[in-house]
Each structure stands twice: as structure tokens, then as C-alpha cells.
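Here is the structure we will look at, set down as C-alpha cells.
As the structure lists them, so they are numbered: ligands from 1, and atoms in each ligand from 1. The figures that follow rest on heavy atoms only: side chains count, while hydrogens, waters and symmetry mates do not.
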Amino acid sequence: AVAPACTLVLFGAAGDLVKRLLVPSIYDLMVSGVLDPDFRIIGIDRAELTDETWRQNLYDALHQMAADPAAEFNAGSIREDVWCDLSGRLSYQHGDVTQDATYQALAARVHGSAIFYCAVAGRFFGPIADGLGKADLLQENAGDFRRLVVEKPFGDDLASARALDAKILGWAQEHQIYRIDHFLGKETVQAIMALRFANRIFEPLWSAEHLDHVQITAAEVLGVEGRGSFYERTGALRDMVPNHLFQVLAMVTMEPPKDLGERAVRDAKGRVLAAVQPVKPLDMVRGQYAAGTVNGAPRVSYREEPGVDPNSPIETYAALRLEIATPRWQGVPFYLRTGKRLSAHRTEIVLQFKPSAHSIFGGQPEANRLSLHIDGDKGLRTDFQIKAPGPGMALAPVAETFMHDDFFEHVPNIGYESLLYACMMGDASLFQRADAIEAPWVSVEPVLEAWKTGEPELYAAGSAGPASADALLARDGRAWASLQ
Ligand code: BG6
């Protein structure tokens with residue numbers, strides 16, 4: 001269905017998120033034909049740009065993305081007719097988000113329904129809410145909607161997340177707030193619900209009775225790229241863990257919701273996230289990349305990146321061991337890890353099963369494993385035992401892989417397409433309620449506290465991460481799945 005006409009206001013219009021992800025996603029939505037002819041975009045930023053120069057920057061970025069085989073924006077070549085149509089809807093407003101004048105100027109241009117998107121650093125979310133509120137821009141008039149999309153990280157910790165919520169709720173109602181986490185826009189993350197709750201061969205095994213442990217990995221080859229100064233204030237933990245990784249964790253561990261409605265899904269996720277226990281002191285590992293070689297190319301250390309303090313204590317890698325206090329998950333450890341400049345790009349969930357309860361084969365056969373590949377070769381892999389051909393009964397490990405692209409046409413999907421569309425449609429089920437943000441902050445609070453002092457352990461760029469991360473699992477007699 002075509003989404004209702006609206007104006008999308010992008011704060012941070014000259015930034016990375018808008019160029020690399022949001023505008024390419026809007027391009028994808030244009031190709032799908034779901035945008036109203038009256039859909040418009042206004043970009044706001046402090047950069048000295050004009051309509052023309054902004055459009056040109058976005059056009060260049062689109063081409064760069066299309067040429068990058070690693071980008072999920074995979075159109076190959078940009079359709080000029082689509083770009084022409086999109087470009088005519090873009091206009092730029094030079095302005096500072098901390099100045100009231102910006103919002104007065106904006107109020108003169110925005111009529112009818114609008115979505116205000118905070119694609120800026122977290123410290124500006126509050127000032128934007130205030131600016132919009134004071135200029136009456138969050139006031140919904142009959143038949144029109146006014147929505148505020150807030151990026152992550154939502155706050156720096158529990159107290160600041162709550163304060164930010166209170167501030168926004170001073171100007172808008174809960175139904176107007178869309179707390180975004182783009183991992184929830186990934187097809188493969190949404191697919192976890194289908195896999196679990198539509199398949200009897202998986203869901204009944206998805207518990208402490210059968211699972212030994214679960215690993216969730218988001219490993220990146222990229223460094224901090226041009227985002228050194230953002231990263232210095234954020235670090236790997238705040239950038240990835242209480243948001244992206246916990247959202248994946250919720251998908252993997254939630255109880256079946258009553259139905260697919262927004263309320264039921266959010267309740268189910270909220271309940272399990274509230275049951276994640278605070279991380280224990282011995283269950284956290286932080287690392288920072290040193291110089292090294294990644295895929296044959298020499299790379300500088302994090303401390304040598306532009307915008308980074310040469311003595312920076314900020315982590316570029318985090319690994320945690322978590323426990324979930326529910327009957328289903330009693331005694332199953334969850335190991336989460338994420339890092340930059342690792343040996344491979346891999347976003348996956350590994351469910352490691354226990355060995356058979358009663359082995360009749362002598363010795364301990366290798367246990368089963370189910371791996372869900374979120375990015376790259378999307379799909380899933382099962383590892384199991386089979387009889388090796390020949391006389392006698394010897395076991396051999398084998399694997400079966402399902403790849404999405406073998407079954408479905410490859411549709412370019414950055415992740416933001418479905419989220420932007422859902423926001424225009426007023427469907428908040430893929431967005432987060434405040435409880436799904438606050439609970440993870442509570443769980444990682446001891447980590448934030450502990451990491452206020454001390455230093456991360458160095459790991460070579462291109463390696464699998466710091467040695468202590470291996471030790472974290474070895475202590476439990478376990479090991480991380482290979483990144484290769
Ligand atoms: C972003 C983080 O939210 O997610 C980045 O700020 C990270 O640091 C990115 O690289 C990873 O997302 P994806 O979709 O590329 O796995």
C-alpha cells in the first residue's frame with residue numbers, strides 16, 4: 001500500500017547515516033512504489049549546503065553505495081528516473097538544531113503530516129525535542145500525524161535514557177515516538193520470529209532443557225571510519241550492545257507473543273529483557289584494536305584514527321556473558337560479542353545444543369549446533385551427526401545450509417526501508433517501547449561502571465579479538481564459533 005503523504009525532516013542531513021543509509025533506503029522505497037506523490041524531504045544541518053549541493057552529495061553517495069558489493073544497497077546501478085523524482089522532493093535548510101530560529105523557519109515549511117528524524121549524535125535528541133515542542137511542531141491536528149524518530153544510543157545509561165524519555169514526553173505522546181533500532185529492520189532478524197514460532201522442529205528445542213549455550217556475534221571488518229569523534233563518546237558497548245545485540249537477544253529468547261500485534265510483541269520482548277541479569281564483574285571483556293593487517297591491508301590502531309585521543313581508553317570490542325532468569329533459560333549462558341577491525345564481517349546467532357542425554361555410540365559425539373546468519377550469506381546452518389558409510393557404526397559430523405538467496409529473489413534491503421515505511425504507516429511494532437531500552441541499560445550498568453576506569457586489552461586489527469574474550473568462554477569449557 002502507498003504510505004500517507006508526509007514531510008520527512010532529517011536532522012543531521014549532511015551526516016553519514018543520511019547519506020549511507022536513510023536516503024538509499026528512501027530510494028529503495030521509491031523503486032517499490034510505496035511513496036505518495038506528495039511525500040517530501042527536508043534536510044537540516046549546520047553544514048553550508050544548498051538544495052543543489054546537498055542533492056549532489058546524496059547522488060554521489062548513492063553511486064558509491066551501489067558500487068560497494070558489501071553494502072546491502074545493491075541496485076548495481078542507480079535508475080536516473082527514480083533519482084530525478086527523488087531529487088525533486090529534497091530540499092535543504094541550513095540550521096543549528098540548538099537554535100529556536102531553526103524550528104521557526106521549519107514551522108513555516110511543514111504543513112500536514114510530518115516525521116522528524118533525529119539522525120544526529122545522542123546529545124542533540126533532547127534539544128531537538130525541545131525545539132520542535134516549543135515551535136508546536138509536535139502538535140497533531142485532526143487527520144494529520146506528527147512523529148519523532150529517535151536513533152540509538154537512546155541515552156548513555158539508565159538515568160539519561162529516562163531523562164530523555166521524560167523530556168520527549170513533555171512535548172509528545174508515547175504513540176508519536178518511534179525509537180529506532182535498525183537491526184529490527186533486517187529481514188533476517190524479523191525472520192527469527194517466523195523460524196521459531198512457525199516451526200515445531202525448532203521451537204520445542206529452544207530452551208534450557210536442550211541448549212548448552214547461545215552466542216550472539218556482530219563482528220565487523222570496518223574500523224571507526226570517519227566516526228572517530230562519535231565513537232570516542234560512545235564506544236563499542238553503547239554503540240552495539242544494549243540496543244542491537246539485546247534486540248537480537250530478545251528475538252531469540254522471548255516467549256511466543258499472543259499474536260503479532262504491537263502490544264503483544266512488545267510485551268513479550270519487554271518481559272524477557274527485564275529478566276536479563278546485571279552482568280557480573282568477571283563476565284565482561286573489553287578490547288581496543290591495535291595496528292594490524294586486515295585482509296592483506298595494513299591498518300592503523302584505533303588510537304591513530306582521526307578524531308581519536310592518542311591515549312584513548314575507549315573500547316572497540318566488547319564481550320559479555322549474560323544470564324536470563326526465566327524458567328525457559330535457567331542455566332543457559334548467553335555470550336555476546338561485538339567489535340571493529342576483526343578478521344571477518346559476521347553477524348550471527350549460534351545455538352549450541354547439549355550432547356544426547358544417553359549416548360549409545362561410545363565416547364561423546366559432537367553436539368548439534370544451529371547457526372543463524374543475519375548478514376552476508378543470510379540463512380541458517382545446522383550441524384548434526386550421521387552414520388559414516390561403511391561397516392560398523394561410526395559417526396561423522398555433517399552440515400546442512402539454507403541460504404535465503406537460493407529461495408527468494410534478492411531484494412536490496414538496508415534495514416531502514418521497512419522501518420521508515422512502518423513509521424509512515426503508523427505501525428510501531430518494529431520500534432521500541434521505553435521498557436526495551438531501559439531494561440538493557442540496567443543489565444549493562446555494572447559494565448558502564450567498571451569501564452569508567454582502567455584500559456581495554458589490545459587486539460591486533462584483523463584478529464578475532466582480545467585473548468580475554470576466549471578465556472571468558474574457556475573458563476566455562478566452551479569456545480567461540482570461528483569468525484571465518
Ligand atoms: C550502527 C553502529 O548502529 O550499526 C555502527 O553505529 C555499526 O558502528 C552498525 O557499524 C552495524 O550495522 P550493520 O547493519 O552494518 O550490521
Below 4.0 angstrom, N of the basic side chain to O of the carboxylate: do Asp181 and Arg179 qualify?
no

Salt bridge check: are Arg123 and Asp156 linked by an N-O gap of less than 4.0 Å?
no

N/O to N/O below 3.5 Å, does that happen between Lys152 and ligand 1?
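For ligand 1, there is an N or O atom that lies under 3.5 Å from one belonging to Lys152.
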
What do you reckon, does Arg227 have a nitrogen or oxygen under 3.5 Å from a nitrogen or oxygen of ligand 1?
yes

Phe183 to ligand 1, any heavy atom closer than 4.0 Å:
yes

Is a side-chain N or O of Arg89 found less than 3.5 angstrom from the main chain of Phe39, in a donor-acceptor match?
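Yes, because the side chain of Arg89 sits within donor-acceptor range (under 3.5 Å) of the backbone of Phe39.
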
Arg321 side chain to Tyr335 main-chain N or O, any donor-acceptor pair under 3.5 Å?
no

Are Phe402 and Phe407, when compared by the centres of their aromatic rings, separated by less than 6.0 Å?
yes

Centroid separation under 6.0 Å, is that true for the rings of Tyr459 and Tyr317?
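When the ring centroids of Tyr317 and Tyr459 are compared, they turn out to be within the sub-6.0 Å range.
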
Does atom 15 (O) of ligand 1 have a protein non-hydrogen atom under 4.0 Å from it?
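Under 4.0 Å from atom 15 (O) of ligand 1, zero protein heavy atoms found.
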
At what distance is the nearest protein heavy atom to [atom], and which residue and atom is it?
atom: atom 11 (C) of ligand 1; result: Glu220 OE1, 3.8 Å
atom: atom 12 (O) of ligand 1; result: His182 NE2, 3.2 Å
atom: atom 13 (P) of ligand 1; result: Lys186 NZ, 3.5 Å

By number and element, which atoms of ligand 1 are closer than 4.0 Å to a non-hydrogen atom of [X]?
X: Asp375; value: 16 (O)
X: Lys340; value: 5 (C), 7 (C), 8 (O), 10 (O)
X: His244; value: 1 (C), 3 (O), 4 (O)

Given Ile180, Leu222, Asp239, identify the one with the heavy atom nearest to atom 8 (O) of ligand 1.
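Nearest option to atom 8 (O) of ligand 1, by heavy atoms: Asp239.
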
Under a plain distance cut-off of 3.5 Å, with no hydrogens placed, do Asp60 and Gln64 share a side-chain donor-acceptor pair?
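Per modelled atom types, Gln64 and Asp60 side chains form no pair under 3.5 Å.
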
For salt bridge (Lys or Arg N to Asp or Glu O under 4.0 Å), just list the numbers for Lys167 and Asp130, CA-CA rounded to whole Å, side-chain angles, deciding distance to a tenth of an Å, and then say yes or no.
CA-CA 8 Å; Lys167 183 182 273 297; Asp130 280 339; 2.8 Å; yes

